[in-house]
Q: 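Pasting a structure below so you can have a look.
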Amino acid sequence: MYVKICGLSEPEHVEAAVEAGADAIGFVLTRSPRRVTPERAAELAAPIPAHVLTVGVFRGETHEEVRAAALASGVRAVQLHGHHPHADFTALKDLGRPLVRAVDAAADLRCGAFDEDLLIVDAPRPGSGEPWNWAAVRGRPSGRWMLAGGLDPANVAEAAEAAGAWGVDVSSGVETAPGVKNSALIRAFLRAARGG
């Protein structure tokens, strides 16, 4: 099970995620309680080993703004959340970094349909932390795709199985308050996602 821990802003939580075996770590570079500056993301990402994908998360910025922030932060991948046009992905291809498209279940759920490398299928209200009908997407997404939205250590295994997910992505489900991560919850999520 591929696991992405998103919205990290403190070194101890980055360290906990890496030590617990996260495949990807997301830094929010857009409007959010979890937002960090590109410079802060660069500091946080510096000690992360090369086998862990660092992802800059954007929502609604122009591709020029995304490019500038991605280069300043040094993230190894770029995630566009929401209804970004295909042209935004095409414009960022030359960065040479994996592209991640994050959408709700009403969107085109074929990974690669927008030339992205990874797909995230999120809740109808992204960032709400509310569970949703994960089983409703079973069999619809194709390729390398992660389930997101309302996941936490207690429900991630059940949700991933219900949806038939290749991977999972969590943010608020490993927090004690909006934007405040918890190392124990990060470790518990990774264990639960992988059946440990």
Side-chain angles (χ1 to χ4, degrees), residues 1-28 32-34 36 41 44-45 47-57 75-77 79 81 98 100-105 109 111 117-196:
M1 181 65 64
Y2 190 94
V3 180
K4 174 171 171 272
I5 309 291
C6 199
L8 299 186
S9 58
E10 297 297 333
E12 63 265 31
H13 301 140
V14 171
E15 187 178 336
V18 169
E19 287 179 357
D23 297 291
I25 292 173
F27 300 108
V28 177
S32 165
R34 300 163 187 90
V36 293
L44 292 165
I48 296 175
H51 68 272
V52 179
L53 191 65
T54 56
V55 183
V57 178
V75 289
R76 298 175 186 138
Q79 175 178 323
H81 210 112
V100 184
R101 180 169 61 101
V103 292
D104 63 33
L109 300 186
C111 181
D117 303 281
L118 294 167
L119 176 70
I120 295 173
V121 181
D122 203 349
R125 290 200 323 123
S128 66
E130 296 167 359
W132 56 288
N133 185 6
W134 303 299
V137 299
R138 188 174 186 89
R140 288 181 53 215
S142 63
R144 301 196 311 162
W145 73 279
M146 288 174 269
L147 182 69
L151 303 180
D152 61 36
N155 68 22
V156 61
E158 174 196 349
E161 186 175 347
W166 170 81
V168 289
D169 180 19
V170 69
S171 184
S172 59
V174 292
E175 291 179 344
T176 54
V180 183
K181 293 293 189 280
N182 178 283
S183 294
L185 287 174
I186 291 170
R187 288 189 286 268
F189 186 88
L190 277 145
R191 277 195 307 273
R194 298 199 172 121

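The figures that follow rest on heavy atoms only: side chains count, while hydrogens, waters and symmetry mates do not.
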Q: Taking side chain to side chain contact (heavy atoms under 4.5 Å, CB included) as the test, write out the residues that go with Ala157, two or more places apart.
A: none

Q: Filter on side chain to side chain donor-acceptor pair (under 3.5 Å), then keep only pairs touching residues 171-181, sequence neighbours left out; what's left?
A: Arg34-Ser171, Arg34-Glu175, Ser171-Lys181, Glu175-Lys181

Q: Minimum heavy-atom separation for Ala105 and Arg140, please, with both atom names.
A: O-NH2, 2.7 Å

Q: Please set out all donor-acceptor pairs under 3.5 angstrom arising from side-chain atoms of residues 142-153, sequence neighbours excluded.
A:
residue	atom	partner	partner atom	Å
Asp152	OD1	Ala154	N	2.9
Asp152	OD1	Asn155	N	3.0

Q: For Glu130, which residues count as a side chain to side chain contact (heavy atoms under 4.5 Å, CB included) partner, sequence neighbours excluded?
A: Arg125, Ser128

Q: Can you tell me which residue pairs pass the ring pair (Phe, Tyr, Trp, His ring centres under 6.0 Å) test with a partner in residues 166-188, sequence neighbours excluded?
A: Tyr2-Trp166

Q: Given the rule in the side chain to side chain contact (heavy atoms under 4.5 Å, CB included) test, do Val168 and Val170 qualify, once you have shown the distances and angles that lead to the verdict?
A: CA-CA 7 Å; Val168 289; Val170 69; over 6 Å; no

Q: Not counting sequence neighbours, which residues clear side chain to side chain contact (heavy atoms under 4.5 Å, CB included) with Ala184? List them please.
A: Asn182, Arg187

Q: Mind checking side-chain hydrogen bond (donor to acceptor under 3.5 Å, both in side chains) for Arg101 and listing every partner two or more places apart, or none if nothing turns up?
A: Glu116

Q: Suppose we screen for side-chain hydrogen bond (donor to acceptor under 3.5 Å, both in side chains). Which residues come up paired with Thr54, at least two apart in sequence or across chains?
A: none

Q: Listed by chain and number, what are the side chain to side chain contact (heavy atoms under 4.5 Å, CB included) partners of Val52, not counting sequence neighbours?
A: Ile25, Ile48, Pro49

Q: Can you list everything that forms a side-chain hydrogen bond (donor to acceptor under 3.5 Å, both in side chains) with Arg194? Sequence neighbours excluded, please.
A: Asp23

Q: With sequence neighbours left out, what residues match Asp117 under side-chain hydrogen bond (donor to acceptor under 3.5 Å, both in side chains)?
A: none

Q: Donor-acceptor pairs are to be reported for all side-chain atoms of residues 3-12 against protein atoms at under 3.5 Å, with residues two or more places apart or in another chain.
A:
residue	atom	partner	partner atom	Å
Lys4	NZ	Gln79	OE1	2.9
Lys4	NZ	Asp169	OD1	3.4
Lys4	NZ	Asp169	OD2	3.2

